[in-house]
Amino acid sequence: MSQCRNGKDYERPINRTACTCDYEDFECDYGYESQADRCTKASWFDPNTPVGDCPEGDSFNRSMGYRKVASDKCTYTGSNFDKLKPTSVPCPLLKPGNLVVFTSSHQVAAATNTTVQFTLHQGYGSKNSTVYTWTFGDGTKPLKVTGYAMNHIQSHVFSTPKVYTVTVTASNKLGSASASVNLFVEDKVLGIKVTTPHGAQVNRSTAFNLEFQDQSLNPTSAGHVHFLWQFGDESDQARGLLTWNTTVNHVYRNKGNYTVLVQAINAVGFKFYQFSLPVYDRVRTVKLFFSTSTDDHNPKTEVWRTTFAVAIRLELTAVLDYGNLDVVVPPGLPTTADVSIQYHTLASVL
């Protein structure tokens, strides 16, 4: 029977030493192919071009065609294997490439006189000495900046509605590359107003005329606004009338008081307007004309037309001794007024 002399807790000393590298510890690096037990550069590969990003002024490890097998712990000893080590060389100047420019919020449309931010991404090539030229397509002077770090984000304000093509060109001694993005610029719709139809009668076409309340809306942007009308008599399944026109017509089949809603929508916003419209069985509308001197006092504003309509109604009420009159002064020149009276009152009024 054996006897343990070292004790139960004895641990044998172990000496671990990394092996010296041999050719079996290496494999062909990226861009190299194994041919006759050697790693030979592939025809498409340039070892002097960094595989990843290599800023000017920095250095990169240029491969000699070999790399250690993953997790291999061997050590380099002797001149035979030193030649397999990557060599540190300065980053070369490279032609810029793979440019992409986009709005920072990925928007395809923007409102006039608002700041739009653009972001440039460069996927390849030198950046520090490269000159970047931004052209915004609105007649402003091109913006030139050297260096990607100071240039990859730019802001611009467009004052006129239009489809703009924003272009960025990156160039250095070895060549250039460009990228562009289209941006649709429109005026915001700040307000709308519908001239309330007067003398609306069942089974007769009623005209609705919409006006933009803000004077800043450019005619170009106004042409890009579409309108969704709901006349108050639609069935539950109806979706309303979608149109580009500011004037529409509708026929009511039953008398009553209807709620009319219209939405003005473009790529940068929307506004809506709602009003109540009485529709009668029978109604008579009389158009009044005025002397040309009235036009001299007509500033063509909604406030003036409303005030003038109230004045006409008061005068007619005093003369006719009848107060249930609907008076509307339509926009435009010459100045006119439409006076509507329900049919059953005509005999006593006229």
Side-chain angles (χ1 to χ4, degrees), residues 112-113 160-161 186-201 204-227 229 231 243-250 257-264 266 269-280 283-343 345-346 349-350:
T112 52
N113 301 313
T160 304
E186 289 188 337
D187 290 326
K188 274 189 174 181
V189 180
L190 301 180
I192 57 175
K193 171 72 176 181
V194 176
T195 302
T196 305
H198 48 281
Q201 182 176 315
R204 188 174 68 181
S205 180
T206 301
F208 298 82
N209 182 57
L210 181 144
E211 298 177 85
F212 294 105
Q213 287 186 299
D214 54 294
Q215 300 298 318
S216 63
L217 192 67
N218 187 287
T220 301
S221 281
H224 293 149
V225 180
H226 58 276
F227 309 95
W229 292 84
F231 299 102
T243 179
W244 295 100
N245 300 320
T246 56
T247 300
V248 296
N249 291 274
H250 185 71
N257 201 47
Y258 296 91
T259 299
V260 181
L261 174 66
V262 58
Q263 300 178 63
N266 68 3
F270 74 96
K271 287 291 181 179
F272 70 90
Y273 184 79
Q274 180 176 297
F275 61 94
S276 181
L277 174 67
V279 178
Y280 306 103
V283 68
R284 175 70 60 85
T285 300
V286 179
K287 183 173 286 292
L288 303 181
F289 297 89
F290 304 91
S291 64
T292 55
S293 62
T294 306
D295 297 341
D296 298 334
H297 300 282
N298 184 352
K300 296 183 287 188
T301 64
E302 180 189 356
V303 173
W304 186 89
R305 293 196 302 270
T306 302
T307 303
F308 191 44
V310 171
I312 294 172
R313 184 177 182 279
L314 291 175
E315 290 293 330
L316 291 177
T317 299
V319 172
L320 301 176
D321 193 24
Y322 178 77
N324 192 18
L325 301 175
D326 184 13
V327 181
V328 174
V329 177
L333 298 176
T335 304
T336 61
D338 295 323
V339 181
S340 297
I341 311 171
Q342 293 187 52
Y343 191 82
T345 65
L346 289 177
V349 173
L350 299 179

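Residue numbers start at 1 and run along the sequence shown. Only this structure's heavy atoms are used, side chains among them; waters, hydrogens and symmetry mates stay out.
- The minimum heavy-atom distance between F290 and T335, with the atom names listed, is CD1-O, 3.4 Å.
- By the 30° and 60° cut-offs, the orientation of the rings of Y273 relative to F275 is tilted.
- Of the inter-residue distances, the one linking F308 atom CZ with T294 atom OG1 reads 5.5 Å to the nearest 0.5 angstrom.
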(message) Pair V283, R204 - check side-chain contact (heavy atoms from CB on, under 4.5 Å), show working.
(response) CA-CA 11 Å; V283 68; R204 188 174 68 181; 3.5 Å; yes
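- For the pair P330 and A337, the tightest heavy-atom approach, listed with the atom from each and the gap, is CD-CA, 4.2 Å.
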(request) Begin with the C-alpha distance, continue with both residues' side-chain angles, and end with the deciding distance and a verdict on ring-ring contact (aromatic ring centres under 6.0 Å, His included) for F227 and F208. (result) CA-CA 12 Å; F227 309 95; F208 298 82; over 10 Å; no
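- A donor-acceptor pair is defined here as one N or O able to donate and one able to accept, closer than 3.5 Å; such a pair exists between the side chain of W304 and the backbone of H297.
- Here the straight-line distance linking atom CZ of F231 with atom CG of L277 works out to 10.5 Å at 0.5 Å rounding.
- Here NZ of K193 is found 6.5 Å from OG1 of T306. Values are rounded to the nearest 0.5 Å.
- A distance of 9.5 Å separates CG in N266 from NE2 in H224, rounded to the nearest 0.5 Å.
- Of all heavy-atom pairs between W244 and V225, the closest is CE3-O, 3.3 Å.
- Evaluation of the salt bridge (charged side-chain N to carboxylate O under 4.0 Å, His left out) test over residues 289-301, restricted to residues two or more places apart or in two chains, returns none.
- Not a single ring-ring contact (aromatic ring centres under 6.0 Å, His included) links F270 to another residue, sequence neighbours left out.
- The minimum heavy-atom distance linking T336 with V329 is given by the pair O-CG1, 3.3 Å.
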(message) Between I192 and V262, is the side-chain contact (heavy atoms from CB on, under 4.5 Å) condition met? List the steps.
(response) CA-CA 9 Å; I192 57 175; V262 58; 4.2 Å; yes
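- Here the shortest heavy-atom pairing between Q201 and T206 reads N-OG1, 4.4 Å.
- Taking CG of L288 as the start and CG of D338 as the end, the distance is 8.0 Å to the nearest 0.5 Å.
- For the pair P331 and N209, the tightest heavy-atom approach, listed with the atom from each and the gap, is CG-ND2, 3.9 Å.
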(message) The test is side-chain contact (heavy atoms from CB on, under 4.5 Å); show your working for D326 and V328 and say whether it passes.
(response) CA-CA 7 Å; D326 184 13; V328 174; 4.0 Å; yes
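- Going from atom OG1 of T307 over to atom CD1 of I312 covers 11.0 Å, rounded to the nearest 0.5 Å.
- In this view, E211 and R305 satisfy the salt bridge (charged side-chain N to carboxylate O under 4.0 Å, His left out) rule, not counting sequence neighbours.
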